[in-house]
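Working notes, beginning with the structure itself.
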Protein chains: 2
Amino acid sequence: MSKTKVSIKDIAQRAGVSTALVSYVLNGKEKESRVGQEIATKVRQIAAELNYQPSHLAKSLRSGKTHTIGLVIADISNPFFANIARVVEDEAKRNGYTVIIGSSDENASKSQDLLDVLINRQVDGFIIVSSEDSEEQIRCLNDKHIPFVLLDRYFPDIPTDFVSTDHYKASYDAGTHLVRNRYKHIGMIAYDSQLFHMQERIRGYQDALRDNHVQAHEHWLKRVKISAIDTGVKAAIDSMLAIDQPIDALLFATYSLAVSGLKHINKLGIKVPDDLAIVSFGQAEVFELYYCPITYLKQPIVLLGQTAVELLVKKLTHKLTEPAQILMKAELIERASSKTKKTLTI
Amino acid sequence: MSKTKVSIKDIAQRAGVSTALVSYVLNGKEKESRVGQEIATKVRQIAAELNYQPSHLAKSLRSGKTHTIGLVIADISNPFFANIARVVEDEAKRNGYTVIIGSSDENASKSQDLLDVLINRQVDGFIIVSSEDSEEQIRCLNDKHIPFVLLDRYFPDIPTDFVSTDHYKASYDAGTHLVRNRYKHIGMIAYDSQLFHMQERIRGYQDALRDNHVQAHEHWLKRVKISAIDTGVKAAIDSMLAIDQPIDALLFATYSLAVSGLKHINKLGIKVPDDLAIVSFGQAEVFELYYCPITYLKQPIVLLGQTAVELLVKKLTHKLTEPAQILMKAELIERASSKTKKTLTI
DNA sequence: AATATAAAGTTAATCGTTTAAGCAAAGCAA
DNA sequence: TTGCTTTGCTTAAACGATTAACTTTATATT
């Protein structure tokens with residue numbers, strides 16, 4: 001009923017003591033500060049009676065710690081990031097932290113804005129899925145000694161902590177899987193991005209072909225601008241099918257590319273996997289429910305998110321000294337979309 | 001380079017004035033506070049030089065306003081909520097607010113925890129997609145005069161502001177659509193929930209059948225526990241197909257139910273729409289990419305989110321006096337999964 | 001008895017900002 | 001000269017909590 005929030009001062013008044021004493025008691029520092037037993041219990045009781053809730057703001061202002069983590073992702077409405085966000089949220093809560101999420105739209109300037117806003121809000125640290133052209137921003141955070149952990153994407157040239165999937169290996173596995181299943185004309189659609197994880201996915205694909213003695217065709221690899229996925233993917237697929245050695249298998253570098261690509265493939269009336277085998281990064285219901293379930297690379301989202309939080313919290317509490325750079329394995333979930341190719345029996 | 005954050009005090013020192021003056025200038029109160037022209041520009045210049053960023057914490061502590069909105073949803077990893085979250089995030093940012101998102105898992109106690117944490121963080125207000133059994137919590141917020149706007153779900157018995165889809169009409173439209181397309185045995189799978197929006201969806205379905213002179217069968221409506229979706233949906237579908245008048249069309253009350261249901265339907269080898277027509281609430285890629293694209297009820301997510309933020313901001317700035325209760329229409333997107341039933345020609 | 005130690009609590013500064021109230025100097029009118 | 005207004009700026013309290021440093025009283029030690 002009491003309109004005003006109850007503060008430490010109110011408790012002090014009722015107990016007839018100073019605010020300092022109340023603070024000591026409520027922070028469990030009675031021993032160090034030699035507070036009397038009776039008065040301590042009295043204070044605690046009054047606090048309970050008044051349903052005292054300490055002010056986060058005041059605490060933070062004093063301590064410089066907000067117990068808040070900034071999570072910077074590309075887009076919360078993308079299932080991959082939404083799942084990451086959920087894991088981070090839960091794990092952070094377990095550690096007494098609150099998360100503020102911001103979407104950068106894979107855009108350097110938005111990403112910078114976000115960082116500024118969050119720094120201004122004095123988040124204690126960041127978990128960042130870096131976006132295109134944000135290398136300088138990460139360098140800057142490093143220089144300013146702002147604690148952060150990179151998630152899923154990292155910059156090999158910057159010495160930062162990170163938790164990431166082994167994108168190279170994942171892609172390599174996907175390529176090898178397709179070759180083993182007798183596909184010989186394997187295409188890949190990736191983002192037109194300088195980000196290292198994308199380069200690694202591409203390199204993994206290329207090495208897989210090379211190591212398996214498949215002569216890659218230059219038109220089998222297409223890079224699509226992130227700003228125009230649908231038109232880019234459409235053009236890429238059309239061209240990959242029109243060349244002299246048309247593809248019989250296609251690897252999508254991301255979930256969004258796959259969704260866009262599958263739409264187009266449906267429209268073209270192409271049959272998966274008989275006309276075209278499919279493997280994709282990412283995971284979602286759509287891969288399960290497609291008429292021909294899609295083989296995909298399942299990233300260890302829960303572990304990635306949990307580890308990132310764990311690492312960051314350790315940094316924040318100075319329990320982490322040496323740099324942590326963690327790579328995790330993606331799992332290839334084999335479904336019908338890439339099953340062994342039927343060879344023509346003449 | 002300067003290690004410490006620059007405060008108003010630093011500026012005051014350099015300018016040789018008091019902190020009060022700096023504050024006046026930086027808040028554009030030079031006129032009211034009769035600050036000299038020269039000194040004002042000097043202060044502004046120094047602030048720019050030092051790249052001064054006011055401390056949100058201090059401001060908030062003083063003003064009691066954090067310019068933060070708490071968004072309480074069931075689960076950020078669910079596409080519907082993820083999309084809502086994205087819209088709310090963007091719209092809030094446009095208004096100078098930061099959003100803290102929390103997932104309640106459709107669970108009253110988690111929801112209460114969330115509210116407590118966020119109130120303690122002194123968010124200025126809430127946007128809430130209420131969860132099961134949270135009616136009392138909403139009443140409580142109302143009593144405490146904590147500003148909030150309900151989103152998508154509301155309680156008819158509590159006088160609150162809300163922005164919601166017209167669930168009844170949406171469901172009614174879906175039912176009518178199926179009847180018009182010659183389906184006569186129409187089932188519905190809903191959540192076993194007391195929440196009004198779910199009751200409305202059910203009522204809409206029932207009224208649609210009644211108004212179209214379809215005699216409903218008691219086993220055509222199944223309520224599934226939210227804690228065991230997969231098993232519940234499986235049992236529901238099995239039973240709806242096993243009865244004497246098996247269903248030829250099925251309406252899913254939510255996206256999650258549909259995903260679960262479609263999985264099972266696939267496993268059973270049931271053909272959509274020939275064996276069973278499908279309509280579902282929600283929207284997602286999976287509905288587009290299913291072998292037979294799914295007819296769905298498209299909720300005006302962007303408008304819902306934007307309006308909720310707009311309303312809340314108005315409340316927070318006292319520009320809203322009378323209660324706002326807004327219902328928006330869902331759009332029925334007709335796809336192949338509910339196309340006109342082939343009637344047997346003998 | 002003199003002094004040291006311990007016990008129990010208070011004072012006041014601090015975090016960074018806002019803002020009501022105050023003060024001094026100058027301008028103006030009578 | 002006296003008094004009033006205006007201008008330009010400062011003082012200090014407040015928001016709510018923490019904490020180093022201090023005071024006071026009681027008890028123990030030599």
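Basis for what follows: all heavy atoms, side chains included, without hydrogens, waters or symmetry-related copies. Predicted, not measured: the structure shown is a model, and the values here were computed from it. Quick note on labels: first sequence line is chain A, next is B, and so on, each numbered from 1.
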Do R62(A) and dT18(D) have a side chain to base donor-acceptor pair shorter than 3.5 Å?
yes
Any chance the side chains of Q45(B) and E49(B) put a donor and an acceptor closer than 3.5 Å?
yes
To the nearest Å, give me how far apart CD (Q37(A)) and P (dG9(C)) are.
11 Å
Let me know the distance between NE2 of H56(A) and P of dT18(D), rounded to the nearest Å.
11 Å
Whole-Å distance, K5(B) NZ to dT14(C) P, equals 20 Å
Using whole Å, what does the distance between atom C1' of nucleotide dA17(D) and atom NZ of K29(A) come to?
12 Å
NA contact type, S7(B), heavy-atom cut-off 4.0 Å: base, sugar-phosphate, or nothing?
sugar-phosphate
Here's one to test your reading of the geometry: is the NZ or CZ of K315(A) within 45 degrees of the ring axis of F148(A) and under 6.0 Å from its centre?
yes
Would you call the rings of F196(A) and Y154(A) parallel, tilted or perpendicular, taking 30° and 60° as the class edges?
perpendicular
By nearest-heavy-atom nucleotide on DNA chain D, the more 5' of Q122(B) and T19(B) is T19(B)
Distance criterion of 3.5 Å, no angle test: do you see the side chain of Y24(A) paired donor-to-acceptor with the base of dA7(C)?
no
Look at the side chain of A20(B) and decide which nucleotide, out of dT10(D), dT10(C), dT17(C), has an atom nearest to it.
dT10(D)
Is S55(B) touching bases, backbone alone, or none of the nucleic acid, heavy atoms closer than 4.0 Å?
sugar-phosphate
Look at the side chain of R34(B) and decide which nucleotide, out of dG22(C), dT17(C), dT10(C), has an atom nearest to it.
dG22(C)
Compare side-chain N and O positions of S23(A) against OP1 and OP2 of dT18(D) and report whether any pair is under 4.0 Å apart.
yes
Which whole-number value in Å describes the distance from K65(B) NZ to dA14(D) C1'?
17 Å
Considering every strand and a 4.0 Å limit on heavy-atom distances, what is the contact class for L57(A): base, sugar-phosphate, or nothing?
nothing
Under 4.0 Å between a Lys/Arg side-chain N and an Asp/Glu carboxylate O for K110(A) and D105(A)?
yes
Can you tell me how far P of dT6(D) sits from CD of E32(B), to the nearest Å?
16 Å
Below 4.0 angstrom from OP1 or OP2 of dT18(D), is there any side-chain N or O of K59(A)?
yes
Please report, rounded to the nearest Å, how far the P atom of dG16(C) is from the CG atom of N120(A).
13 Å
When the distance from CG of L21(B) to C1' of dG8(D) is rounded to whole Å, what number comes out?
8 Å
NZ/NE/NH1/NH2 to OD/OE distance under 4.0 Å, R86(B) and D90(B)
yes
Taking dT10(D), dT17(C), dA17(D) as options, the one with an atom nearest any side-chain atom of A58(A) is dA17(D)
So which nucleotide from dC15(D), dG22(C), dC22(D) ends up closest to the side chain of L61(B)?
dC15(D)
